[in-house]
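Protein chains get the first letters and strands the later ones, always in sequence-line order, with residue 1 at the start of each. Side chains are part of it too, since the values below use all heavy atoms of this structure and drop only hydrogens, waters and symmetry mates.
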Protein chains: 2
Amino acid sequence: MSKEKQYYSEHPTFHVAVDSIIFGFDQGELKLLIHKRQFEPAKGEWSLFGGFVQKGESLDAAANRILFELTGLDKVYMEELQSYGEVERDPAGRVISVAYYALIPAKEFTEATSSQYGATWVGLKDLPPLIMDHSQMVEKGLRRLKRRAASQPIGFELLPREFTMPQLQALYEAIYQAELDKRNFRKKILAMDVLIKLDAKDKTSSRKGAFLYRFDQKKYRKLVEGGYNFTM
Amino acid sequence: MSKEKQYYSEHPTFHVAVDSIIFGFDQGELKLLIHKRQFEPAKGEWSLFGGFVQKGESLDAAANRILFELTGLDKVYMEELQSYGEVERDPAGRVISVAYYALIPAKEFTEATSSQYGATWVGLKDLPPLIMDHSQMVEKGLRRLKRRAASQPIGFELLPREFTMPQLQALYEAIYQAELDKRNFRKKILAMDVLIKLDAKDKTSSRKGAFLYRFDQKKYRKLVEGGYNFTM
DNA sequence: AAACTTAAGTGTAAGTATAACACTTATGTG
DNA sequence: CACATAAGTGTTATACTTACACTTAAGTTT
């Protein structure tokens with residue numbers, strides 16, 4: 001008789017799923033990666049990337065595995081968001097779902113790979129209805145993103161390794177849904193002292209070109225540990 | 001054949017538990033309510049208040065039921081904190097646990113009821129080792145409490161309905177582990193404009209007595225919705 | 001090659017919020 | 001009636017935040 005049988009056998013068990021809310025930033029817009037559900041019920045309807053936890057697999061491992069299987073994405077910034085345990089949340093049976101929140105630079109998941117995996121980036125304004133409580137999860141994820149952006153320079157997870165000031169500012173503007181003054185923005189960001197200015201320029205969006213920056217991993221980490229508070 | 005069988009039967013199921021991190025504030029100290037585990041394995045060891053989710057019961061409902069069964073506490077401020085899903089976290093079998101974070105005015109759970117339920121308030125400095133990953137949960141709960149205290153006047157959940165300025169300040173000092181200037185503290189708190197000053201005084205801690213305050217529920221709610229940021 | 005267009009880049013001053021600081025007041029006790 | 005104790009109160013200096021407009025770089029057009 002297994003230990004589990006011995007102690008806990010009188011208690012019920014549940015299917016446990018994970019669902020990932022994947023944010024990206026591209027062309028000045030915050031986007032969500034979604035796809036059409038690949039299994040019944042509700043097959044073919046818009047859904048977050050989710051699946052069932054397997055035996056012998058931790059929740060975190062399940063979230064990573066499922067993301068990889070469905071998108072080919074690996075080493076993605078992910079953290080647990082919240083569990084959803086309403087009895088009737090899945091009409092096909094009792095399933096407890098743990099929602100994860102993930103940030104990726106949108107470029108890492110291109111048009112090409114998109115179609116291969118049947119996934120799509122959708123602007124947050126143009127979200128179609130999602131199955132079950134997935135829209136609620138997105139709401140919650142967005143709130144977390146906003147809070148995070150305020151307490152850490154987290155936006156960096158969403159940009160390519162080298163980026164320009166105007167790009168960074170556009171990201172914050174998309175997150176906060178507000179216009180920011182570029183002089184004040186630069187001042188604040190540079191005062192954080194986590195950026196390294198490169199010699200190269202990005203000329204894709206202007207003739208003059210904008211200087212590229214990378215961020216200083218060590219200083220960034222220190223800043224985050226120190227509990228920086230970044231208000232706009 | 002049930003819907004669930006039909007669609008999800010090939011996936012494994014898991015025991016799901018909830019564990020509550022219950023913070024209280026008494027005598028100038030932040031405290032945690034714990035008890036000795038009432039079932040095997042690890043029966044008799046220090047533990048958070050936890051139990052298994054039942055069939056037909058949401059996670060939130062389970063957290064509330066278990067808290068009530070084990071402490072008699074009802075209508076407590078609770079919110080989900082984080083799920084714990086490591087495969088080996090419970091040595092007696094695979095159990096996924098959803099941790100909840102709860103705040104109560106310590107007076108609502110007195111010495112008398114304590115002994116009746118075998119529960120104890122323990123100062124955060126004097127925490128005994130807790131079973132499994134419960135200490136980790138407490139860590140996480142404490143971090144949440146600190147963040148919350150900064151973004152909302154959440155401390156009110158931890159005080160009796162009527163309280164004095166020195167009490168409120170002591171609470172914040174306990175949460176932040178820092179001394180605050182009482183003039184500046186008063187100024188900031190009063191500037192929030194959520195307190196109602198009463199005529200009565202509390203004389204338990206000084207001859208002069210300190211005025212009692214209640215907080216204005218309506219204004220408080222507005223403030224929280226507006227996303228106030230409260231730094232010390 | 002000169003004029004034009006476009007986005008990038010820069011500084012300052014006024015206002016607001018924060019932080020530091022010490023004495024007075026009320027009241028029960030000895 | 002003096003004493004002890006915690007509650008209560010304002011001001012000033014400093015740092016931070018906000019508002020605001022012109023110059024620069026470089027490719028494109030004439």
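Shown here are the ring pair (Phe, Tyr, Trp, His ring centres under 6.0 Å) partners of Phe163(A), two or more places apart in sequence or in another chain: Phe156(A). Partners of Phe25(B) under the ring pair (Phe, Tyr, Trp, His ring centres under 6.0 Å) rule, at least two apart in sequence or in another chain, do not exist in this structure. Under the salt bridge (charged side-chain N to carboxylate O under 4.0 Å, His left out) criterion, Arg144(B) pairs with Glu79(B), sequence neighbours left out. Listed by chain and number, the residues in a ring pair (Phe, Tyr, Trp, His ring centres under 6.0 Å) with Tyr117(B) amount to none (sequence neighbours excluded). Take Arg65(B) and apply the salt bridge (charged side-chain N to carboxylate O under 4.0 Å, His left out) test, not counting sequence neighbours, and it matches Glu57(B), Glu69(B). Under the side-chain hydrogen bond (donor to acceptor under 3.5 Å, both in side chains) criterion, Asp216(B) pairs with no residue, sequence neighbours left out. Judged as a ring pair (Phe, Tyr, Trp, His ring centres under 6.0 Å), and not counting sequence neighbours, Tyr100(A) has no contacts.
Rounded to whole Å, atom P of dA6(D) lies 19 Å from atom CG of Leu168(B). Distance, Ile189(A) CD1 to dT10(C) P: 15 Å, rounded to whole Å. Atom-to-atom, OH of Tyr213(A) to C1' of dA8(C) comes out at 10 Å; the value is rounded to the nearest Å. With rounding to whole Å, Phe211(A) atom CZ is found 11 Å from dT24(D) atom C1'. Atoms NZ (Lys197(B)) and C1' (dA7(D)) sit 10 Å apart, rounded to a whole Å. Atom-to-atom, CG of Asp181(A) to P of dA8(C) comes out at 14 Å; the value is rounded to the nearest Å. Distance CD (Gln167(A)) to C1' (dA8(C)): 13 Å, rounded to an integer number of Å. Computed from coordinates, the Lys182(B) NZ to dT18(C) P distance equals 21 Å when rounded to whole Å.
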For nucleotides 28-30 of chain C, give me every protein contact, N/O to N/O, under 3.5 Å, one pair per line with atom names.
unit_1	atom_1	unit_2	atom_2	d
dG28(C)	OP1	Lys203(B)	NZ	3.1

Which pairs, protein N/O on one side and nucleotides 12-17 of chain C N/O on the other, fall under 3.5 Å?
unit_1	atom_1	unit_2	atom_2	d
dT12(C)	O4	Lys187(A)	NZ	2.9

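Within the 4.0 Å cut-off from OP1 or OP2 of dG8(D), not a single side-chain nitrogen or oxygen of Arg183(B) is found.
The CZ atom of Phe49(B) sits 12.5 Å away from the CD1 atom of Ile21(B) when rounded to the nearest 0.5 Å.
Relative to the side chain of Lys201(A), the nucleotides dG8(D), dA26(D), dA21(D) differ in distance, and dA26(D) lies closest. Among the nucleotides dG9(C), dA6(D), dC20(D), the one closest to any side-chain atom of Ser205(B) is dA6(D).
Listed here is the closest heavy atom pair of Leu159(B) and Pro105(B): O-CG, 3.7 Å.
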